[in-house]
*Asks:* 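Would you mind keeping the following structure in view while I ask a few things?
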Amino acid sequence: MLEELKRQVYEANMELPKRGLITYTWGNVSGIDRETGYFVIKPSGVDYDKLTPEDMVVMDLDGNKVEGSLRPSSDTPTHLELYKKYTDIGGIVHTHSPEATAWAQAGRDIPLYGTTHADYFYGPIPCARSLTPEEIDEAYETNTGRVIIETFEKRGINPVYTPGVLCTNHGPFTWGKDAAEAVHNAVVLEEVAKMATKTELINPDVKPAPDCIRDKHFFRKHGKNAYYGQ
Ligand SMILES: O=C(CO)[C@@H](O)[C@H](O)COP(=O)(O)O
């Protein structure tokens, strides 16, 4: 089932090593078919050079495996929480890309310092709080998804306009209208993280760009209602 979605998700997963975003199996991509409510995700722990479209695992929104001989990614519960909450999201990526993961480990938002950032993210890329020991022991990946949602709700951030987040002590998650766009946003997030690190090294007193740069660049590229087909 969902052979075309499996192919799209497979190809999106294979883009991660091509773009230098992952080492070994440190990452995963999924995509959802909103008609069936099933989503397709990379299997856990499989080397990327051994992956095939047939290896992709099909899950339902109750967290049950619908099809697939392999175990779904260990981050599947995080993808699941985000798909259940945000019906505009069609694809999700998680990586341990080094620049973005360094900001996540530092527990810092990535400030909006320039137009490259503003073209894709309407404001700082938020860093979700670390999980409590109880949350980690209870259900690490599920609670990672819930803390992402908590971060966006508490800070009034629109996940359609800011399609990415850093998870403290872990790494970045990005999303988009489909798996390919989620990967595109993951690549941009890593580049923006790299630029921000260098920006602060060059000028430790640097201030975020004015809101007019954010507004002009983001909405020029995405429009107020064009994002995700809204
Ligand atoms: O953070 C972790 C493990 O600590 C995960 O994100 C893995 O890096 C990816 O695992 P699989 O997708 O292969 O299960």
Side-chain angles (χ1 to χ4, degrees), residues 5-32 38-61 63-83 89 91-107 125 127-149 151 163-176 179-180 182-183 185-187 189-190 193:
L5 182 58
K6 285 179 187 173
R7 185 191 61 77
Q8 290 172 13
V9 171
Y10 164 76
E11 289 185 359
N13 272 283
M14 296 311 288
E15 194 67 10
L16 297 184
K18 281 181 196 165
R19 297 285 183 174
L21 292 186
I22 57 132
T23 302
Y24 298 126
T25 66
W26 303 344
N28 36 80
V29 183
S30 69
I32 190 167
Y38 292 161
F39 67 94
V40 172
I41 192 162
K42 181 208 89 168
S44 183
V46 178
D47 289 345
Y48 276 81
D49 55 14
K50 296 187 176 62
L51 270 182
T52 68
E54 295 70 35
D55 291 332
M56 300 300 115
V57 182
V58 182
M59 304 292 295
D60 68 19
L61 289 178
N64 304 306
K65 182 161 76 170
V66 175
E67 184 187 81
S69 58
L70 300 170
R71 278 185 309 111
S73 166
S74 56
D75 294 301
T76 298
T78 306
H79 293 236
L80 175 60
E81 290 302 309
L82 296 177
Y83 280 133
I89 288 178
I92 299 170
V93 170
H94 167 57
T95 75
H96 294 189
S97 57
E99 298 288 339
T101 299
W103 283 83
Q105 292 180 165
I125 296 165
C127 189
R129 67 170 172 83
S130 55
L131 301 185
T132 65
E134 295 73 23
E135 288 170 331
I136 291 170
D137 290 342
E138 177 201 24
Y140 179 72
E141 290 80 10
T142 296
N143 286 324
T144 294
R146 289 174 180 167
V147 165
I148 291 171
I149 294 164
T151 301
V165 68
L166 305 175
C167 293
T168 299
N169 306 133
H170 191 175
F173 284 81
T174 57
W175 46 85
V183 168
N185 289 331
V187 172
L189 195 160
E190 179 69 359

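A quick note: this is a predicted structure, and the numbers were derived from the prediction, not measured. Atoms within each ligand, like the ligands themselves, are counted from 1 in listed order.
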*Asks:* I'd like to know whether Asn28 forms a side-chain hydrogen bond (donor to acceptor under 3.5 Å, both in side chains) with Ser73, so could you lay out the CA-CA distance, the side-chain angles of the two residues, the decisive distance to 0.1 Å, and finally the verdict.
*Replies:* CA-CA 7 Å; Asn28 36 80; Ser73 166; 3.1 Å; yes

*Asks:* Minimum distance, heavy atoms only, to atom 10 (O) of ligand 1: which one of Cys167, Ser74, Pro72, Ser30 is it?
*Replies:*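 Comparing heavy atoms across Cys167, Ser74, Pro72, Ser30, the nearest one to atom 10 (O) of ligand 1 lies in Ser74.
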
*Asks:* May I ask you to test the Cys127-Trp103 pair for a side-chain heavy-atom distance under 4.5 Å?
*Replies:*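 The answer is no, as the side chains (C-beta and beyond) never meet within the 4.5 Å cut-off.
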
*Asks:* Once you round to the nearest 0.5 Å, how far does CG of Leu131 lie from CD of Glu141?
*Replies:*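 Output value for this atom pair is 9.5 Å.
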
*Asks:* Heavy atom of Gly171 under 4.0 Å from ligand 1?
*Replies:*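 Flag not set, Gly171 not near ligand 1.
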
*Asks:* Measure the distances from the heavy atoms of His170 to every atom of ligand 1 and state whether one is below 4.0 angstrom.
*Replies:*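 For ligand 1, residue contact (heavy atoms, under 4.0 Å) with His170 is present.
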
*Asks:* For the residue pair Phe39 and Leu80, establish whether any side-chain heavy-atom pair is separated by less than 4.5 Å.
*Replies:*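 Contact flag for Phe39/Leu80 side chains = yes.
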
*Asks:* Hey, which atoms in ligand 1 end up nearer than 4.0 Å to a heavy atom of His94?
*Replies:*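 This gives 6 (O) as the contact atoms.
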
*Asks:* Starting from atom 9 (C) of ligand 1, which protein heavy atom do you reach first, and at what distance in Å?
*Replies:*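 It is Thr25 O, 3.4 Å.
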
*Asks:* Between His94 and His170, does the ring centre distance come in under 6.0 Å?
*Replies:*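 That pair passes the under 6.0 Å test.
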
*Asks:* Measure the shortest side-chain to side-chain distance between Ile22 and Pro17 over non-hydrogen atoms and say whether it is less than 4.5 angstrom.
*Replies:*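 Heavy-atom side-chain distance check passes, below 4.5 Å.
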
*Asks:* How close does the nearest protein non-hydrogen atom get to atom 6 (O) of ligand 1, and which residue and atom is it?
*Replies:*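 Atom 6 (O) of ligand 1 sits closest to the protein heavy atom Asp75 OD2, 2.5 Å.
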
*Asks:* Would you indicate whether the side-chain heavy atoms of Val93 and Asn185 approach each other to under 4.5 Å?
*Replies:*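 Counting from C-beta outward, Asn185 and Val93 never come under 4.5 Å.
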
*Asks:* If you draw a 6.0 Å radius around CZ in Arg19, do more than 12 non-hydrogen atoms from other residues or ligands fall strictly inside?
*Replies:*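 Counting other residues, nucleotides and ligands, CZ of Arg19 stays at 12 neighbours or fewer.
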
*Asks:* I want to confirm something. Looking only at heavy atoms, which of Gly27, Pro43, Ser44 is nearest to atom 14 (O) of ligand 1?
*Replies:*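 Going through Gly27, Pro43, Ser44 one by one, Ser44 has the nearest heavy atom to atom 14 (O) of ligand 1.
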
*Asks:* Can you confirm, on distance only, whether ligand 1 has an N/O atom lying under 3.5 Å from any N/O atom belonging to Trp26?
*Replies:*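 Among all N and O atoms of Trp26, none is under 3.5 Å from an N or O of ligand 1.
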
*Asks:* Starting from atom 12 (O) of ligand 1, locate the nearest protein heavy atom and write down its residue, its atom name and how far away it is, to 0.1 Å.
*Replies:*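 The protein heavy atom lying closest is Ser73 OG, 2.7 Å.
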
*Asks:* What is the closest protein heavy atom to atom 4 (O) of ligand 1, and at what distance does it sit?
*Replies:*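 The answer is His96 CE1, 4.5 Å.
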
*Asks:* Within ligand 1, which atoms have a heavy atom of Lys42 less than 4.0 Å away?
*Replies:*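 Selected atoms, number and element: 11 (P), 12 (O), 13 (O).
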
*Asks:* Is there a donor-acceptor pair under 3.5 Å between the side chain of Thr78 and the backbone N or O of Thr142?
*Replies:*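 Absent.
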
*Asks:* Mark up the atoms of ligand 1 that fall under 4.0 Å of a heavy atom belonging to Asn28, in ascending order.
*Replies:*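 It comes down to these atoms of ligand 1: 9 (C), 12 (O).
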
*Asks:* So is there a nitrogen or oxygen of Gly45 less than 3.5 Å from a nitrogen or oxygen in ligand 1?
*Replies:*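 Yes, there is a polar N/O contact under 3.5 Å.
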
